[in-house]
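Chain letters run A, B, ... following the sequence lines, proteins first, then strands; residues in each count from 1.
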Amino acid sequence: MHRYRTHTCGALRAEDAGKEARISGWVHRKRDHGNLLFVDLRDQYGITQCVADTSSAVFKVLEAARPETVICVTGKVVPRSAETVNDKLPTGRIEVVAAAVEVLSEAAVLPMQVAGEQEYSEEMRLTYRFLDLRREKMQANILLRSKVIASIRQRMWNAGFVEFQTPILTASSPEGARDFLVPSRLHPGKFYALPQAPQQFKQLLMTSGFDRYFQIAPCFRDEDSRADRSPGEFYQLDFEMAFATQDDVFDAITPVLAGIFQEFGNGRPVTTAPFPRITYADAMLKYGSDKPDLRNPLLVSDVTEAFRGSSFGLFAKNIDKGGIVRAIPAPKSADNPRSFFDKLNDWARENGAGGLGYIQYKDGEARGPIAKNLDATRVAQIKAATGANDGDSVFFVCDQPDVAAKFSGLVRTKLCDELNLLDRNKFMFCWIVDFPMFERNKDTGLIEFSHNPFSMPQGGMDALLNQDPLTIKAYQYDIVCNGVELSSGAIRNHRPDIMYKAFEIAGYKNEDVEARFGGMLNAFKYGAPPHGGSAPGIDRIVMLLADEPNIREVILFPMTGRAEDLLMQAPNSVSEKQLRELYIKLNLPKEAGSKAEVKTN
RNA sequence: GGGGGUGUAGUUCAGUUGGUUAGAACGUCGCCCUGUCACGGCGAAGGUCGCGGGUUCGAGUCCCGUCGCUCCCGCCA
């Protein structure tokens, strides 16, 4: 008989009755009847009921074992009588009569319970993550994550991609997010950086003659956290393709994502390939966001012209100053009491808007403070533009174009919530395409890259030379699912001449470009294939599939919002010796002095 | 860096207009119980109400400051 087990805790069935079995696991729950004792023994695979009564030599050992004690139970598998069968457990038709029990590891009194549905604070859960991870939900999430990654690898491999590992210690990149730095011992005063993404490496791989690369790649960014953004590190399905157009990239990755969501989505409907494509400009107009949730049926429309020069002075004046008006429909809401509209107006003010105007289309006429100031033609114009019917109302956002577009997106989401219009039970994908290559910095007035400086401008060199930079689009695209940005990608700029020119428009001299991106630029001078790719976020994919609102629910050992690992106590101070080896002298802010004090050993 | 929420027993929470000894559930410990599966019953221990200051005869409750956790904005090419 095996030292620890002949079966897992999820394995035994009615047909095993009569066998001698040995199982090991954690004491999940105990039901102590005084002279009869049940122990639910748990491992990754399931739960098996063990039983003993006072006639057993091991009764006292089991009785003394606290929950989460690790024990090994040996005994006979017996069928349960019809009244005592538990249909909730796959092992519920049998139980193990404990003949021998070995305590493999005692458990102290628990700071948080593993059994049960009790909710615990994040702080508690992260401090005792090893207990938290034993719980049913976390076991399921983490196992799902593993299966998703295995399936992704298989699907990528089947599509002709090969997996490589790129360096973790690399150079700081001057663009983008804040880097995590690692001091160099051999080169005093110099630093490695952890990669924000394997971006330059994968482009170098294409230049090195590899045709289709992917990697489940760790990425490191020293930026603040959000519910869907873990601080510090995260994983991407990083991939890149040589001799590929934007369509090729879409065709390669769409079936992988659709397949994953079909495989692990528990039957929830998934957008079928090809995913709809929405231009950036269209997304900002119709959804007020570059990551629209297509489950939300509401569409924003522009009604600036209906208000231009109207006697609704507030909007008319704003329009004369360059403002625009966006309309968001609220189906079947016209009969709501005044408080419904007031509440939304208050919400808008709390969120930084001047207010939230509205028209109610009711009993064949338009009502509300705005409608009183508009003539019939304008009211009808708005009704037509928004597709509103009698019984609907329409809300208005009036501001400068950027602000109005963005806020209309918030209103769209808010109204969807209020009217309960979201079908949560499906996965709706889309591509956002044609991102602008450049934008004007509002503070400095200067032109800068709006997203990725390495993207190929649409129209290539000709566009850079002859087009207003602010009208140039890039071959840059995002995949969005249910309002979550899963990835961004691009057809890259593999031509040094075009790259110099693009950087010149953004205000960089050739020397600057060479100093900052010399490695990759140099590689491109010796024959680089046109190439492109993307990098869907693994954590976010699993988060959507697990239906979790927070990314930490699908990460084994996440850090807190302030980027601390409560379990490992990272970050932590280091010894003087370590600092000396790295030629580092600390220059700490005064108030942090006590917290960041250096260990003296 | 800014804004919102929150902090009371080991844990999850309740705690009224400021008023006597700060409660419940789960857990822990003890006793009883031979068919439970969220077992049941009886009992006990367990609290500097995050921390510091203030107002008051009196503060878990009101005020100021501060710290932690969390959500959002900024940030995330």
(request) May I ask you to say what Ser455(A) touches in the nucleic acid, namely base, sugar-phosphate or nothing, with a heavy-atom cut-off under 4.0 Å? (result) nothing

(message) For Arg80(A), give me all partners under salt bridge (charged side-chain N to carboxylate O under 4.0 Å, His left out), at least two apart in sequence or on another chain.
(response) none

(request) Would you indicate what Gly561(A) reaches in the nucleic acid, counting non-hydrogen atoms under 4.0 angstrom: base, sugar-phosphate, or nothing? (result) sugar-phosphate

(request) Please work out if Ser450(A) contacts a base, only the sugar-phosphate, or nothing of the nucleic acid, heavy-atom cut-off 4.0 Å. (result) sugar-phosphate

(request) May I ask you to say what Tyr120(A) touches in the nucleic acid, namely base, sugar-phosphate or nothing, with a heavy-atom cut-off under 4.0 Å? (result) sugar-phosphate

(request) Please identify each residue that fulfils salt bridge (charged side-chain N to carboxylate O under 4.0 Å, His left out) with Glu122(A), with sequence neighbours left out. (result) Arg552(A)

(request) Would you indicate what Pro453(A) reaches in the nucleic acid, counting non-hydrogen atoms under 4.0 angstrom: base, sugar-phosphate, or nothing? (result) base

(message) So for Arg552(A) and rU70(B), does any side-chain atom that can act as donor or acceptor lie under 3.5 Å from a complementary atom in the base?
(response) no

(request) Would you mind telling me which residue lines up with the more 5' stretch of RNA chain B, Arg178(A) or Met112(A), judged by nearest nucleotide? (result) Met112(A)

(message) Is it the case that rC69(B) (base atoms only) and Arg125(A) (side chain only) share a donor and an acceptor within less than 3.5 Å, ignoring hydrogens and angles?
(response) no

(message) Need the pair for rG19(B). Rule: Watson-Crick or G-U wobble, both distances under 3.5 Å, any strand; none if unpaired.
(response) rC57(B)

(request) Determine whether any donor atom in the side chain of Arg229(A) lies under 3.5 Å from an acceptor atom in the base of rC76(B), or the reverse, and answer yes or no. (result) yes

(message) Under a 3.5 Å cutoff, is there a donor and acceptor pairing between the side chains of Tyr213(A) and Gln215(A)?
(response) yes

(request) Would you kindly give the CE-to-P distance between Met124(A) and rU70(B), to the nearest whole Å? (result) 13 Å

(message) Going by purine N1 to pyrimidine N3 plus the second Watson-Crick contact, or the G-U wobble pair, all under 3.5 Å, which nucleotide sits opposite rC49(B)?
(response) none

(request) Give Gln199(A) one of three labels, base, sugar-phosphate or nothing, depending on what nucleic acid heavy atoms sit under 4.0 Å from its own. (result) base

(message) Under 4.0 Å from OP1 or OP2 of rC73(B): is there any side-chain N or O of Arg226(A) that close?
(response) yes

(request) Please tell me which of the listed nucleotides, rG35(B), rC76(B), rC73(B), lies nearest to the side chain of His33(A)? (result) rG35(B)

For residues 44-51 of chain A, please give each side-chain donor-acceptor pair under 3.5 Å, one per line with the distance, not counting sequence neighbours.
residue  : atom : partner  : partner atom : Å
Thr48(A) : OG1  : Cys9(A)  : O            : 2.5
Gln49(A) : OE1  : Arg31(A) : NH2          : 2.9
Gln49(A) : NE2  : Glu95(A) : OE1          : 2.9

(request) Provide, to the nearest angstrom, the distance between the CG atom belonging to Leu410(A) and the C1' atom belonging to rG74(B). (result) 15 Å

Nucleotide N/O of nucleotides 41-46 of chain B paired with protein N/O under 3.5 Å:
none

(message) Nearest whole Å is fine: how far is rC72(B) P from Trp347(A) CH2?
(response) 15 Å

(message) Holding to salt bridge (charged side-chain N to carboxylate O under 4.0 Å, His left out), I want the full list of residues that pass it with Lys343(A), two or more places apart in sequence or in another chain.
(response) Glu418(A)

(message) If you go through the side-chain atoms of Glu95(A), does one of them form a donor-acceptor pair with the base of rG35(B) closer than 3.5 Å?
(response) yes

(message) Counting only side-chain heavy atoms from C-beta out, which of rG68(B), rU34(B), rC72(B) sits nearest to Arg562(A)?
(response) rG68(B)

(message) I need the full list of ring-ring contact (aromatic ring centres under 6.0 Å, His included) pairs touching residues 472-504 of chain A, with sequence neighbours left out, sorted by first then second residue.
(response) Phe250(A)-Tyr477(A), Trp431(A)-Tyr477(A), Phe449(A)-Phe503(A), Phe503(A)-Tyr508(A), Phe503(A)-Phe517(A)

(request) Please state whether the base of rU36(B) and the side chain of Gln49(A) form at least one donor-acceptor pair under 3.5 Å? (result) yes

(message) Can you identify which nucleotide, out of rU36(B), rU11(B), rC33(B), has its nearest atom closest to the Arg31(A) side chain?
(response) rU36(B)

(request) State which of rC73(B), rA38(B), rC76(B) makes the closest approach to the side chain of Glu223(A). (result) rC76(B)

(message) Quick check: on RNA chain B, is the nucleotide nearest Val85(A) upstream (toward 5') of the one nearest Pro111(A), or the reverse? Name the residue that is more 5'.
(response) Pro111(A)

(request) Can you tell me the distance, in whole Å, between the NZ atom of Lys30(A) and the P atom of rC33(B)? (result) 16 Å

(message) Can you see whether Ser455(A) engages Gln476(A) through a side-chain donor-acceptor pair at a distance of less than 3.5 angstrom?
(response) yes

Show every donor-acceptor pair shorter than 3.5 Å between a side-chain atom in residues 23-30 of chain A and any protein atom, with sequence neighbours excluded, or say none if there are none.
residue  : atom : partner  : partner atom : Å
Ser24(A) : OG   : Tyr4(A)  : O            : 2.7
His28(A) : ND1  : Arg42(A) : NH1          : 2.9
Lys30(A) : NZ   : Leu62(A) : O            : 3.4
Lys30(A) : NZ   : Glu63(A) : O            : 2.7
Lys30(A) : NZ   : Ala65(A) : O            : 2.7

(message) Over all strands shown, is Ser121(A) touching base, sugar-phosphate only, or nothing at heavy-atom distances under 4.0 angstrom?
(response) sugar-phosphate

(message) Among rC72(B), rG35(B), rU11(B), which nucleotide has an atom closest to any side-chain atom of Ala227(A)?
(response) rC72(B)

(request) Name the nucleic acid region contacted by Arg80(A), choosing base, sugar-phosphate or nothing; use a 4.0 angstrom heavy-atom cut-off, strictly under. (result) base

(message) Taking any heavy-atom pair under 4.0 Å as a contact, classify Asn550(A): base, sugar-phosphate, or nothing.
(response) sugar-phosphate

Under 3.5 Å, which protein N or O atoms sit close to an N or O of nucleotides 23-29 of chain B? Give each pair with its distance.
residue : atom : partner   : partner atom : Å
rC26(B) : O2'  : Gln113(A) : OE1          : 3.3
rC26(B) : O2'  : Gln113(A) : NE2          : 2.6
rG27(B) : O4'  : Gln113(A) : OE1          : 3.3
rC29(B) : OP1  : Arg66(A)  : NH1          : 3.0

(request) Round to the nearest Å and state the distance from Asp53(A) atom CG to rC39(B) atom C1'. (result) 17 Å

(message) Under the rule for ring-ring contact (aromatic ring centres under 6.0 Å, His included), what residues qualify as partners of Tyr280(A), not counting sequence neighbours?
(response) Phe435(A)

(request) Counting Watson-Crick and G-U wobble pairs only, both distances under 3.5 Å, name the nucleotide matched with rA24(B), or none. (result) rU12(B)

(request) Go ahead and name the base partner of rG68(B); Watson-Crick or wobble counts if both distances stay under 3.5 Å, otherwise write none. (result) rU6(B)

(request) May I ask you to verify if any side-chain N or O of Asn86(A) is less than 4.0 angstrom from the OP1 or OP2 atom of rC37(B)? (result) no

(request) Give none if rG1(B) has no partner; otherwise give the nucleotide forming a Watson-Crick or G-U wobble pair with it, both distances under 3.5 Å. (result) rC73(B)

(message) Whether Lys473(A) and Asp434(A) form a salt bridge (side-chain N of Lys/Arg under 4.0 Å from carboxylate O of Asp/Glu) is what I want to check.
(response) no

